[in-house]
K.L.:
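Mind having a look at this structure? Questions to follow.
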Amino acid sequence: MKIILSLLALLPLATSSAKIMPLQFDQLRELCTPSKSASGWLELGWEIDLWKARERAAREGKPIFLWEMDGHPLGCT
Amino acid sequence: MQKILREQFVIVAADDWYQRRQNDALGKFFRSVADQGPRKGAGGGTRQGRYAFSASGTLLGFNNNRDPQRILNMLRESLRKYEALPAGERKAGAFKVPTLNPGALDERYARPLTQDTVVMKVHGRVLERDRKGNYAACGEPGANNKSFRHTGFGASTDHLWLKEAELEQLTALALKNPQGVAVPRAVAMRIARFHLVDNTRGEPPHWNLEEVRKLILRATMQPKTAGARYSTNLRLTGAFHLETKDGKRGYTGEISGFLRTVSKTGAREFQFVAVGQHWGEGTYTRGARPGKTPFAVAFTLADSQKAEDCVPPQAIRWEKGYYEADRH
């Protein structure tokens with residue numbers, strides 16, 4: 001009996017069939033959104049078009065820094 | 001480092017999978033720069049890394065190490081080399097970059113964001129349950145100074161691309177059927193196969209057709225009340241079970257959200273979340289927590305004016321397969 005009660009108590013955590021409640025919806029959305037401190041590097045003014053970056057660099061007299069990854073650095077992981 | 005990047009460089013991020021392949025002026029320019037460094041992509045291999053170069057195409061520095069100090073050293077050294085270039089290569093306005101017509105890009109590898117595309121920001125995160133059984137963040141990203149690799153505890157980012165016509169079709173269908181309708185299969189499968197994935201530690205494996213064991217995604221028009229803020233108000237609900245044949249990787253859970261049109265402005269409000277139990281890992285996502293653990297994915301409309309919001313979905317490398325996710 002003790003084992004059955006313990007298993008029943010665990011049921012809400014183990015099942016994925018529980019509906020997402022409105023409060024939980026907001027909480028989950030918030031949990032998944034990157035914090036400002038974790039995404040500050042996005043505010044550096046990234047270009048995503050190498051040719052545009054090249055044109056801007058020539059115009060402004062600056063070198064180019066290219067972050068090149070298999071999977072876009074701004075949208076893969 | 002951020003100050004140097006912001007003030008002294010023009011910074012650009014790109015997906016090597018496209019740029020090392022595309023047979024056009026942009027691809028050729030990139031490869032001409034990369035081939036001056038140690039990563040020559042022999043046999044079509046990767047050229048990923050961090051490059052510094054001039055608009056004229058002279059390589060100034062290369063680094064494929066995550067250590068911030070080594071990247072900083074490379075940036076400083078590159079600035080010194082830049083200053084040593086002839087004036088025609090470095091003075092503002094001195095070097096003329098040829099015009100590149102977008103139509104001249106290799107269309108096999110061009111993924112432009114078109115006017116009829118609706119972009120959603122997709123963020124995933126591993127979770128845990130607190131003492132009350134509520135979902136909570138699972139640890140902190142932390143500094144991880146040993147390898148600077150993803151710990152997998154931060155939020156991941158991808159983009160979901162939908163077509164305006166797909167959302168219009170869904171709203172029209174739901175208006176005709178007040179009891180609720182199934183979200184068109186191509187859209188539901190695109191969401192499930194390519195976006196209900198754990199990409200918190202790297203490039204994730206997507207689900208193939210057979211691995212979608214169960215997928216229900218429905219939209220129900222909510223009744224209009226007097227003075228309603230929304231001209232249309234769709235509630236989205238769903239359930240999914242995704243699992244590899246060998247059972248080593250899977251994700252089961254629920255989906256909930258809304259798609260609304262604001263009466264006064266016609267603006268769209270569109271959000272949904274998926275949450276459930278995830279298990280397993282892929283070739284590039286090693287280090288998953290053992291067993292079945294909570295994992296959530298949130299979808300919100302993106303601001304398509306921002307450059308980073310125009311980055312194509314990771315899974316759109318095969319464009320037809322992405323949009324026709326129910327067929328291929």
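Numbers restart at 1 for each chain; the letters A, B, ... are given by sequence-line order, proteins then strands. Side-chain atoms are counted along with the backbone in the values below, which use heavy atoms only and exclude waters and symmetry mates.
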K.L.:
If you draw a 6.0 Å radius around CD in A:Glu30, do more than 12 non-hydrogen atoms from other residues or ligands fall strictly inside?
P.N.:
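No, CD of A:Glu30 has 12 or fewer neighbouring heavy atoms, counting only those of other groups under 6.0 Å.
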K.L.:
Compare every heavy atom of A:Gly71 with every heavy atom of B:Asp15, then report the nearest pair and how far apart it is.
P.N.:
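So the minimum-distance heavy-atom pair works out to OD1-N, 3.0 Å.
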K.L.:
Looking at chain A, which one of B:Arg90, B:Met1, B:Gln2 has the largest number of heavy-atom pairs inside 4.5 Å, strictly under?
P.N.:
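The option with the most such pairs is B:Gln2.
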K.L.:
Out of B:Thr300, B:Leu26, B:Asp158, which one racks up the most heavy-atom pairs below 4.5 Å with chain A?
P.N.:
B:Leu26
K.L.:
Could you check which of B:Trp17, B:Phe30, B:Tyr18, B:Phe299 has the highest count of heavy-atom pairs closer than 4.5 Å to chain A?
P.N.:
B:Phe30
K.L.:
Measuring from atom NE2 of A:His72 to atom CZ of B:Arg111, what distance do you get when rounded to the nearest 0.5 angstrom?
P.N.:
13.0 Å
K.L.:
Can you name the closest pair of heavy atoms from A:Ala53 and B:Val12 and give their distance?
P.N.:
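Residues A:Ala53 and B:Val12, closest heavy atoms: CB-CB, 3.8 Å.
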K.L.:
Atom CH2 in A:Trp46, atom CZ in B:Arg6: separation rounded to 0.5 Å?
P.N.:
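Separation between the atoms: 12.0 Å.
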K.L.:
What I'd like to find out is whether the side chain of A:Trp51 reaches to under 4.5 Å of the side chain of B:Pro98, using heavy atoms alone.
P.N.:
yes
K.L.:
If you take all heavy atoms of B:Ala137 and A:Leu31, which pair is closest and at what distance?
P.N.:
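Residues B:Ala137 and A:Leu31, closest heavy atoms: N-CD2, 3.5 Å.
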K.L.:
May I ask you to decide if the ring planes of B:Phe9 and A:Phe65 are parallel, tilted or perpendicular, using 30° and 60° as cut-offs?
P.N.:
perpendicular
K.L.:
Counting heavy-atom pairs under 4.5 Å with chain B, which one of A:Glu55, A:Glu47, A:Glu60 comes out on top?
P.N.:
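When all of A:Glu55, A:Glu47, A:Glu60 are compared, A:Glu47 has the most.
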K.L.:
Go through B:Gln271, B:Arg317, B:Lys292, B:Lys91 and name the one with the most non-hydrogen pairs under 4.5 angstrom from chain A.
P.N.:
B:Gln271
K.L.:
Starting from the C-alpha separation in whole Å, work towards a yes-or-no answer on side-chain contact (heavy atoms from CB on, under 4.5 Å) for A:Ile48 and B:Cys310.
P.N.:
CA-CA 8 Å; A:Ile48 59 165; B:Cys310 301; 3.7 Å; yes
K.L.:
May I ask you to name which of B:Ala136, B:Gly257, B:Ser256, B:Ala307 has the most heavy-atom pairs under 4.5 Å with chain A?
P.N.:
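Option with the greatest count: B:Ser256.
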K.L.:
Spell out, as yes or no, whether a donor-acceptor pair under 3.5 Å connects the side chain of A:Arg54 to the backbone of B:Ala55.
P.N.:
yes
K.L.:
So, for B:Phe53 and A:Leu66, which heavy atoms are closest and what is the spacing to 0.1 Å?
P.N.:
CE2-CB, 3.6 Å
K.L.:
So for B:Tyr82, is it side chain, backbone, both, or neither that comes closer than 4.5 Å to the heavy atoms of chain A?
P.N.:
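Looking at B:Tyr82, just its side chain touches chain A.
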K.L.:
Please flag which part of B:Val122 lies under 4.5 Å from any non-hydrogen atom of chain A: side chain, backbone, both or neither.
P.N.:
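No part of it gets close to chain A.
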K.L.:
If I measure from the heavy atoms of chain A, does B:Leu79 come under 4.5 Å with its side chain, its backbone, both, or neither?
P.N.:
side chain
K.L.:
Return the option, out of A:Leu44, A:Asp70, A:Leu42, with the maximum number of heavy-atom pairs under 4.5 Å with chain B.
P.N.:
A:Asp70
K.L.:
Which heavy atom in A:Ala58 sits nearest to a heavy atom in B:Phe95, and how many Å separate them?
P.N.:
CB-O, 3.4 Å
K.L.:
Where on A:Arg59 is there a heavy atom nearer than 4.5 Å to chain B: the side chain, the backbone, both, or neither?
P.N.:
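Backbone only.
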K.L.:
Which bit of B:Phe258 comes within less than 4.5 Å of chain A, counting heavy atoms only: side chain, backbone, both or neither?
P.N.:
side chain
K.L.:
For each of A:Gly61, A:Pro63, A:Pro73, A:Ser35, tally heavy-atom pairs with chain B at distances under 4.5 Å, and name the one with the top tally.
P.N.:
A:Pro63
K.L.:
Please classify the contact between B:Ala239 and chain A as side chain, backbone, both or neither, with a heavy-atom cut-off of under 4.5 Å.
P.N.:
neither
K.L.:
Atom CG in A:Leu50, atom CZ in B:Phe29: separation rounded to 0.5 Å?
P.N.:
6.0 Å
K.L.:
Given heavy-atom pairs under 4.5 angstrom as the criterion, report whether the side chain, backbone, both or neither of B:Gln8 touches chain A.
P.N.:
backbone
K.L.:
State, to 0.1 Å, how close A:Glu68 and B:Arg47 come at their nearest heavy-atom pair, and which atoms those are.
P.N.:
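Here A:Glu68 and B:Arg47 meet closest at CG-O, 4.0 Å.
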K.L.:
Determine yes or no for a side-chain-to-main-chain donor-acceptor pair under 3.5 angstrom, with B:Glu308 supplying the side chain and A:Leu74 the backbone.
P.N.:
no
K.L.:
Under the 3.5 angstrom rule, does the side chain of A:Lys62 hit a backbone N or O of B:Glu7 as a donor-acceptor pair?
P.N.:
yes
K.L.:
Relative to chain B, which segment of A:Gln27 carries a heavy atom at a distance below 4.5 Å: side chain, backbone, both, or neither?
P.N.:
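Contact with chain B: side chain only.
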K.L.:
Against chain A, work out which of B:Asn134, B:Val311, B:Leu5, B:Ile11 has the most heavy-atom pairs shorter than 4.5 Å and name it.
P.N.:
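Ranked by heavy-atom pairs under 4.5 Å with chain A, first place is B:Ile11.
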